[in-house]
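Note that these values count all heavy atoms, side chains included, but never hydrogens, waters or copies made by symmetry.
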Amino acid sequence: MTVPSLLLVKAKLLQLTMAALTTVGAADASVVHDTHLSHARVVVEGSVVVARIRLFRDDVTRALKHPVGDDSTSKRLLSAYLNRTFGVRADNVALTAELLDGAADLEGDQPVWQVLVQWKAARPVTRLALRDQLLFETFSDQQNVAVVIAQPSDRRQTLYFHAGDRSEQVVTF
């Protein structure tokens, strides 16, 4: 086989491999990532807690065992998953997450899914406890960062959670 023929065979093999990956749900090779990380921006104002949570799209799809998207099944699964793995307590009272919105986005070249979630307390929050265990059951190297912002003072505190860490972290206002 000549060098140009060998290159053509390799190119065709790569093309077939990419087509196979697309068929099973991986859009392209750039989807693969070594870091398992989520980021939450949690804003507390009065009795309302709102968070924007960003997760790699393939990771959350794997955790849900269902493609994440705008469909009702995905929203139901994601809402239940968030209530199970992203615990919020305000002044020692457990709150229930309400999924407000979800949308696809990119982080560099990586597809992410971001959600907007809300919790409502009976009175203004003075002590917020978070337990961020997103994707811990899926990845042993998962890391989660939550930036808590108290309004109107704009006081910020960054919390770090890692797989295996089941503890709650508390922020007092």
Check whether any side-chain heavy atom of [X] sits under 4.5 Å from a side-chain heavy atom of [Y], and report yes or no.
X: Q133; Y: F161; result: no
X: Q169; Y: D132; result: no
X: T172; Y: T126; result: no
X: T96; Y: N83; result: yes
X: L99; Y: K75; result: yes
X: V148; Y: L128; result: yes
X: V43; Y: V49; result: no
X: H36; Y: Q143; result: no

In this structure, CD of Q110 is separated from CG of D59 (nearest 0.5 Å) by 9.5 Å

CZ of R62 to CG of L55, rounded to nearest 0.5 Å, is 14.5 Å

Are [Y] and [X] connected in a single hydrophobic cluster, I mean Ile/Leu/Val/Met/Phe/Trp/Tyr linked by side-chain heavy atoms less than 4.5 Å apart?
X: V115; Y: L37; answer: no
X: V68; Y: L77; answer: yes
X: F173; Y: L95; answer: yes
X: L130; Y: V171; answer: yes
X: F136; Y: F139; answer: yes

Here the salt bridge (charged side-chain N to carboxylate O under 4.0 Å, His left out) pairs for residues 141-154, sequence neighbours left out, are D154-R156

Taking the side chain from [X] and the backbone from [Y], do they hold a donor-acceptor pair closer than 3.5 Å?
X: S74; Y: G69; result: yes
X: N144; Y: L134; result: yes
X: S47; Y: A122; result: no
X: D101; Y: L116; result: no

Here the ring pair (Phe, Tyr, Trp, His ring centres under 6.0 Å) pairs for residues 62-118, sequence neighbours left out, are F86-W119

Heavy-atom nearest pair, D70 first then G102, reads OD1-O, 3.8 Å

On a heavy-atom basis, the closest approach of A97 and S79 is O-OG, 4.4 Å

Exercise for review: Any chance you could lay out the side-chain contact (heavy atoms from CB on, under 4.5 Å) test for V117 and E98, step after step, and finish with the verdict?
Suggested key: CA-CA 6 Å; V117 186; E98 176 188 358; 5.9 Å; no

*Does CZ belonging to R166 count more than 12 external heavy atoms closer than 6.0 Å?*
yes

Q: Measure centre to centre between the rings of H33 and F56, then say whether the value is under 6.0 Å.
A: yes

Please walk me through it: do T138 and V60 pass side-chain contact (heavy atoms from CB on, under 4.5 Å)? CA-CA 9 Å; T138 307; V60 72; over 6 Å; no

Partner of E107 under side-chain contact (heavy atoms from CB on, under 4.5 Å), picked from R54, R57, Q114, is R54

